[in-house]
Structures are given as C-alpha cells and as structure tokens.
**Student:** 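Here it is: the structure, laid out below.
Scope of the values below: all heavy atoms of this structure, side chains included, with no hydrogens, waters or symmetry mates. Predicted model only: the values in this text are computed from it and were never measured. The residues of the chain are indexed from 1 along the displayed sequence.
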Amino acid sequence: MVPAAGSAADPRLVVRQSGLSGYWSDFMRRVKGGELGSLPVIGALIIIWIVFWLLNSSFLSAQNLSNLSQQIVGTGMIALGIVFVLLLGEIDLSVGSVSGLAAAVFAVSSVNHGVNEWLALVLALATGAATGLIHGFFFAKIGVPAFVVTLAGNLAWNGLMLNVLGASGTVNLPNDGIVARLYNTFYGQLAAAYTVSAIAVVLYAAIAWFGRARRVKAGVPAQPVGEIAARTVFLAIVAFGIAYLFNQYKGLPLAPLIFLIFIVVGDFILRRTVYGRRVFAVGGSIEAARRAGISVPFIRISVFTISGFMAAVGGMFLAGQIESASQTSGGGNLLMNSIAAAVIGGTSLFGGRGKTWSALLGALVIGSIQSGMNIQGLSNSIQYMITGAVLLAAVVIDSVARRTQKASGRA
C-alpha cells in the first residue's frame, strides 16, 4: 500500500519504518513538544521509593507494599472520579463529604435498621450518584460555577451525614460484613495472583492484536508486531513480579484488584467510546464541542454523576478500612489528597488531558510519601509540606508542558 500524500510525516509511520531509532525519534519529538505523559510521575515515584528504601529497607518489603496497595484504594477511587471532572477543566470539592455520607447511609441502613447489606450498598452508591447529579444539574442547567456548587455540596452533605448518623455519631460495621470483606479479603493461594496476572497479560495481548488487525484492514498506521510483543513481555514481567510480591505476604488482596478493574473500565470508556471522546472534546473546547453537535449539559451532568458515584465507592473502602462510619468520615485531608492524586498522576487542571491511570499513579505517590514518613516516625506536618511541594511541582510541569505544546503548535 502506497502512503497517501503527506503520510511520510506521520510519526507513527516513522516509528514503523525506522525500528528502534524511529521509537527514539518519536520519544524525543513528544518530549520536545511537551507531551510528557506519565514520565514525570513515574520518575518521581521511583525516586521516592529509592529514598525511603535507603532510609529503611523495610519500606520495599512485601508486607509494606501489600499494605500500601490496600491503603491507597479509597483515595484512589475518589481520585478516579476527580479525573473525569478535571478533564472538563472543572473541580469537585464535595467528594470528601459525599464519601462520608455514603458510608453513613450504608452503616445506618444495614446496622441500625437491618437492611440487607447488598441493598444497603446499592443505596449508598445511589446516594453518591444522586449528589453528583444534583451538582451537575446546577452547574450545567442553572449556570452556577462548579466551584461554588460543589463547595456548597461539601457543607450540605457533611451536615446531612451528621444528621444520618444521629446522636451516637459512630456506627461500627461487622468485621465479617460485605464492606469489611471488600477491604480485608486476601486470596492466599499462590495460584490466585499468578492466574489474575496471566489473564491480564492474555487480555492485553488479544486486545492489542485485534486492534492492530482492525487498523491494518482499514489501511491506517498500526502498531508493529514487535512492539506489541515487547509491550506484552514488559506487562508480563510487571504483573508476575507484583503477583510474586503479594504471595510473599498474604496473597492477592481484593481491594487493589477491584481498583484496577475500575481503572481499566474507566480507561476503556474514555479512550474507546463515543462518550469518552465527547468528554475530551468538551474539556478541550466547549464551543467547538457545541458546534460538533455534542450535548454539553449532558456531558457535564454525567461527569459529575460519575464523580459522586466514585466518591461513594471510595467511601465504602474507607469505611471498610476502619470498619465504621463516624462524624470524621470523609473529613481531614481526604478531599485534598484525592484532588492531589489526580493532578500529581498527570491529569491537567486545564482540562482536555489525562487518563484514569493518573488516579493510580498519583495515589501511589501520596500513599508512598505517607507510608515512608510513618515508618520514619515523621509528623503529619512534614507529610503535608512534602505532599504540597509534590503537588506544586506537578502543576508547574503541567503548565510548562502546555506552554511548550502551544509553542510547538500541539496544544
């Protein structure tokens, strides 16, 4: 097949035709154009792990890393919803209170009123989605700024949570209940972690291969077979390495597995569906999206609904972690950590750029800082200052990258 006029300039064709030198040229082109992707946060995570490992070798122990993978799930789930909102260039300041409200609804309905736990879980998640729907309606239909709407929601839902909990203020959850099991369950069989890893690798290879076949059939640039093979081998090394690590402690933890499933589903929605492309379109340019026939109000309302739902999901895991719902649920630095995780992970505050994997990477960075400093016995004040510095660095990198992209005509 003869390339169409101008296709020689397509960087994907350069990669295909030039082998390793083509990949290096493409990498340098992206870096010079400000398309840094996840490189800064991955580099920061590696540095953080090396520093804390040098300070205390137990930081990279199987036990600590397994515990870390569990501890980031609650914040990470909330950050995943924040990613969708940030893609629109907006913010949701209510997610902390929404997570606490969802936990309170579940605890009171299941423990105090004897509602079936599964039904109570559905009710709690529906509560989170409903709060997001309300925020989206006032933002998209009434025109109230998202900052104001969600700030008001942060106060209102916190008050409603206190009202739901009642005079006692705390409702303890049974340690054998569904929420506690979601957080505390481990699959101790060695085969469990390795089987999940194998399934993930096979699915990735199959999807990549069928995607390549479809692009070749359509006559558009596609990944070379060698690249697919290299990526599959790399994923296999990482996946089986993590499985081996988990098996050195208690086995495969359920909570991070569920988190990964949510990330993969969210990534599929954003990158492989019409709805996801419309979210990016609205975040890139509202006026252009309108002219393209996209219902901007629907996208805005649905995104805030997703954010509220994910806040409720995160609230369930946080409640399972402490096996209770109390007046402090959803409080503290949860809101800031959730937003910081999404931003540190690589989602732009200016909209139109980001991935669901940002929630995982950002939560790992914040969780690693907290874990390492707890091992060192440092105070919360130091943790806050370092986390704030990392967040500022992430925003600075994002701002510089955007300016570089504009200068190179890629914005």
Side-chain angles (χ1 to χ4, degrees), residues 75 77-105 126-164 278-287 289-290 294-315 327-344 347-354 358-359 362 388 391-392 394-395 398-399 402:
T75 301
M77 287 288 192
I78 300 174
L80 181 55
I82 291 291
V83 167
F84 280 79
V85 177
L86 290 179
L87 287 175
L88 297 185
E90 302 296 340
I91 195 68
D92 188 345
L93 300 178
S94 70
V95 289
S97 294
V98 171
S99 69
L101 174 61
V105 169
T127 299
T131 61
L133 180 65
I134 293 172
H135 297 153
F137 173 80
F138 278 99
F139 171 51
K141 293 294 188 180
I142 308 300
V144 183
F147 178 90
V148 177
V149 171
T150 56
L151 179 60
N154 179 54
L155 299 172
W157 307 131
N158 185 64
L160 181 58
M161 178 193 72
L162 298 177
N163 185 268
V164 169
R278 289 176 175 174
V279 171
F280 280 105
V282 173
S285 174
I286 295 176
E287 186 57 33
R290 284 198 185 100
I294 297 173
S295 175
V296 174
F298 170 76
I299 295 297
R300 285 175 162 176
I301 292 173
S302 62
V303 162
F304 275 92
T305 301
I306 291 172
S307 179
F309 176 80
M310 292 309 305
V313 173
Q327 294 178 343
T328 60
S329 295
N333 59 347
L334 176 61
L335 170 62
M336 292 299 101
N337 279 347
S338 300
I339 297 175
V343 176
I344 290 172
T347 303
S348 175
L349 280 169
F350 304 99
R353 190 173 75 249
S358 301
L391 174 59
L392 177 60
V395 176
D398 180 36
S399 299
R402 287 182 64 86

**Student:** Side chains of Leu334 and Ser99: does their closest heavy-atom pair fall under 4.5 Å?
**Tutor:**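 In short, these two side chains touch, coming nearer than 4.5 Å.
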**Student:** Would Asp92 and Ser307 count as a side-chain hydrogen bond (donor to acceptor under 3.5 Å, both in side chains) here? Give the steps.
**Tutor:** CA-CA 8 Å; Asp92 188 345; Ser307 179; 2.8 Å; yes
**Student:** Looking at every heavy atom in both Val98 and Ala312, which two are closest together, and how far apart are they?
**Tutor:** CG1-N, 4.5 Å
**Student:** Where do Ser338 and Ala79 come nearest, in terms of heavy atoms and distance?
**Tutor:**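 Closest heavy-atom pair between Ser338 and Ala79: O-CB, 3.4 Å.
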**Student:** For Ile286, check side chain to side chain contact (heavy atoms under 4.5 Å, CB included) against everything at least two apart and list the hits.
**Tutor:**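 Checked Ile286 against side chain to side chain contact (heavy atoms under 4.5 Å, CB included); matches are Val282, Arg290, Val296, Arg300.
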**Student:** Leu93 and side chain to side chain contact (heavy atoms under 4.5 Å, CB included): which single residue from Val149, Leu155, Leu151 fits?
**Tutor:**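 Only one option passes, and that is Leu151.
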**Student:** Any side-chain heavy-atom pair from Asn154 and Thr150 closer than 4.5 angstrom?
**Tutor:**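 The answer is no, as the side chains (C-beta and beyond) never meet within the 4.5 Å cut-off.
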**Student:** Which pair of non-hydrogen atoms, one from Gly314 and one from Ile78, has the smallest distance, and what is that distance?
**Tutor:** CA-CG1, 4.0 Å
**Student:** Rounded to the nearest 0.5 Å, what's the gap from CZ on Phe138 to CG on Leu133? Could you check?
**Tutor:** 10.5 Å
**Student:** Can you tell me how far OG1 of Thr347 sits from CG of Leu80, rounded to the nearest 0.5 angstrom?
**Tutor:** 9.5 Å
**Student:** Hey, does Lys141 have a side-chain heavy atom less than 4.5 Å from the side chain of Ile301?
**Tutor:** yes
**Student:** When rounded to the nearest 0.5 angstrom, what is the spacing between OG in Ser94 and CG in Asn158?
**Tutor:** 11.5 Å
**Student:** Under the ring-ring contact (aromatic ring centres under 6.0 Å, His included) rule, collect the residues that match up with Phe304, sequence neighbours excluded.
**Tutor:**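 Counting only residues at least two positions away or on another chain, Phe304 forms a ring-ring contact (aromatic ring centres under 6.0 Å, His included) with Phe139.
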**Student:** Closest heavy-atom contact between Met161 and Gln327?
**Tutor:** CE-O, 3.4 Å
**Student:** How close do Ala342 and Ser358 get, counting heavy atoms only, and between which atoms?
**Tutor:**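 Closest approach of Ala342 to Ser358: O-CB, 3.8 Å.
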**Student:** Using 0.5 Å steps for rounding, measure from the CG atom of Leu162 to the CG atom of Leu101.
**Tutor:** 10.0 Å
**Student:** Indicate the atoms forming the closest heavy-atom contact of Trp157 with Ile134, along with that distance.
**Tutor:** CH2-CD1, 3.9 Å
**Student:** Report the distance from atom CG of Leu86 to atom CD1 of Ile339, rounding to the nearest 0.5 Å.
**Tutor:** 7.5 Å
**Student:** Give, for atom CG of Leu88 and atom CZ of Phe280, the distance between the pair rounded to the nearest 0.5 Å.
**Tutor:** 10.0 Å
